[in-house]
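Here the structure is a predicted model, which means the values were calculated and not measured.
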Amino acid sequence: MNAKITATAHNTPKNIMTNHDLEKIVDTSDEWIRSRTGIEKRHIVSEDEASSDISTRIALSLLKEKNILADEIDLIIVGTVTPDHYTPSTAALVQKNIGATNAWGFDLSAACSGFLYGLETGANFISTGKYEKIMVIGVDTMTSILDFKDRDTCVIFGDGGGGVILEPTTKESGIIDSILHMDGSGGDYLIVPGGGSRIPATIKSVNERKHYIKQDGKTVYKYAVKGMADVSEKILSKNNLSGDDIALFIPHQANKRIIDAAAERCGIVEDKVLINIDKYGNTTAGTIPIALNEAVNENRINDGDLILLAAFGAGFTWGSILIRWESI
């Protein structure tokens, strides 16, 4: 039994930070950011917003889109590396906020691959036959871990997320294949060193700025280009497909050059590639579900279309998911 997507939604904070705004607080320029990343602006939370607030708005939109009650949801999975708290989970906060009294759930940490890991996990729960409606959300409030003195990271990320509802289908559609990977030896290249049990929060760790994300940009770029391209090409080959068979490629929105390289390797033409990094920046686990919902709203996906998702993130984590779309 496959899992199909029956509702999509996304949410981003109202506040917008443009490249010109960043010019005022860090040594960078609009031209420098655009030429290296493709980003023009990003959404950022207000002081009283956190990941559960964004997730709750996504969850309520999904319920409205599907026209169901919260107590019909069986399971809530939230992919995030920026939870409100270590405990309770963001999924628990969402469950409380929407009144999903019959649901259990958990957070899942896979950085930029978080939504794909969540889809795979949700699809496997559906396949047991025990679960009928699963909510999968990918969300991150990246400004909560950004050092605005580090131009190599603070220009890249934004806040936001999206989500889907998964349900069973007996048709040869829905999530039809996936390939997911992890290589922990890449962990040091993209990391938040402090805050966990290895380096608990102290005055010293705060003064040393260890609670912000650190990135070896050149190394991450090299691995991301290869990882995302390789896994996308592999899943197409495994299913006897080519880039011509794909109706829409929705890649993780980390860097336009990485996206272009992956699409070229797979033989997917430009007008079949969804790129919105210019509007949102890298929202980590949020990029793919945001893009997916935009594609649905813009009627870029039709019944029977083959949709290819791909991501690469810290961990290292990466993967690709192939979907044969069944009309919502």
Engineer: Indicate if L306 and L116 have the same hydrophobic cluster label, given that clusters are the connected sets of ILVMFWY residues with side-chain heavy-atom separations under 4.5 angstrom.
Structural biologist: no

Engineer: Which value, rounded to the nearest 0.5 Å, describes the distance between M17 atom CE and L22 atom CG?
Structural biologist: 5.0 Å

Engineer: Measure the acute angle between the ring planes of Y280 and H10, then classify it against the limits of 30° and 60° as parallel, tilted or perpendicular.
Structural biologist: perpendicular

Engineer: Just by distance, do the side chain of N239 and the backbone of I235 share a donor-acceptor pair under 3.5 Å?
Structural biologist: yes

Engineer: We want to know whether D21 and T18 form a side-chain donor-acceptor pair, criterion being a heavy-atom distance below 3.5 angstrom.
Structural biologist: yes

Engineer: Any salt bridge between E72 and K66, counting N to O under 4.0 Å?
Structural biologist: no

Engineer: What I'd like to find out is whether the side chain of I213 reaches to under 4.5 Å of the side chain of M142, using heavy atoms alone.
Structural biologist: yes

Engineer: If you define the side chain from C-beta out and look only at heavy atoms, does anything of L93 sit under 4.5 Å from H85?
Structural biologist: yes

Engineer: With distance as the sole test, does D278 use its side chain to make a donor-acceptor pair with the main-chain N or O of G38 at under 3.5 Å?
Structural biologist: no

Engineer: Without hydrogens or angle criteria, can the side chains of D107 and T80 be said to hold a donor-acceptor pair below 3.5 Å?
Structural biologist: no

Engineer: Keeping the roles fixed (side chain from R42, backbone from V155), state whether a donor-acceptor pair exists under 3.5 Å.
Structural biologist: yes

Engineer: Has the side chain of N2 got a donor or acceptor atom that lies under 3.5 Å from a matching backbone atom of E172?
Structural biologist: no

Engineer: Determine the sole option in L274, L292, T8, I5 for which the side chain to side chain contact (heavy atoms under 4.5 Å, CB included) test with I301 is passed.
Structural biologist: L292

Engineer: Would you say I77 and I175 are hydrophobically clustered, going by side-chain heavy atoms of ILVMFWY under 4.5 Å?
Structural biologist: yes

Engineer: Look up atom CG in D147 and atom NZ in K214, then write down how far apart they are to the nearest 0.5 Å.
Structural biologist: 5.0 Å

Engineer: Is D53 reaching over with its side chain to a backbone N or O of A50, donor-acceptor style, under 3.5 angstrom?
Structural biologist: yes

Engineer: Got a second to check how far D305's CG is from E326's CD, nearest 0.5 Å?
Structural biologist: 13.0 Å

Engineer: Are D71 and T101 close enough that a side-chain donor and a side-chain acceptor fall under 3.5 Å?
Structural biologist: no

Engineer: Quick check: do V220 and Y189 have side-chain heavy atoms less than 4.5 Å from each other?
Structural biologist: yes

Engineer: Measure the shortest side-chain to side-chain distance between Q253 and I259 over non-hydrogen atoms and say whether it is less than 4.5 angstrom.
Structural biologist: yes

Engineer: Does atom CD of E264 have more than 12 heavy-atom neighbours from other groups under 6.0 Å away?
Structural biologist: no

Engineer: D230 vs K234, test: salt bridge (charged side-chain N to carboxylate O under 4.0 Å, His left out). Steps then yes/no.
Structural biologist: CA-CA 6 Å; D230 282 354; K234 184 177 179 181; over 6 Å; no

Engineer: Check for a donor-acceptor pair, side chain of D159 on one end and backbone N or O of T143 on the other, with a separation under 3.5 Å.
Structural biologist: yes

Engineer: Looking at K133, I'd like to know if its NZ atom is crowded, meaning that more than 12 non-hydrogen atoms belonging to other residues, nucleotides or ligands lie closer than 6.0 Å.
Structural biologist: yes

Engineer: Rounded to the nearest 0.5 Å, what separation is found between the CG atom of D177 and the CZ atom of R324?
Structural biologist: 12.0 Å

Engineer: For E49 and I54, indicate whether the former's side chain and the latter's backbone hold a donor-acceptor pair under 3.5 Å.
Structural biologist: no

Engineer: Salt-bridged, E40 to R34, with N to O below 4.0 Å?
Structural biologist: yes

Engineer: Checking S113 side chain against T317 main chain: does a donor-acceptor pair fall under 3.5 Å?
Structural biologist: yes

Engineer: Any donor and acceptor pair, going by atom type alone, linking the side chain of D303 with main-chain N or O of S327 inside 3.5 Å?
Structural biologist: yes

Engineer: What distance do L75 atom CG and F125 atom CZ have between them, rounded to the nearest 0.5 Å?
Structural biologist: 5.5 Å

Engineer: So does Y221 have more than 12 non-hydrogen atoms from other groups sitting under 6.0 Å from OH?
Structural biologist: yes

Engineer: Within this structure, what is the CG-CD1 distance for the pair N282 and I39, rounded to the nearest 0.5 Å?
Structural biologist: 7.0 Å

Engineer: Would you say the side-chain atoms of K272 pair up with the backbone N or O of D244, donor to acceptor, closer than 3.5 Å?
Structural biologist: yes

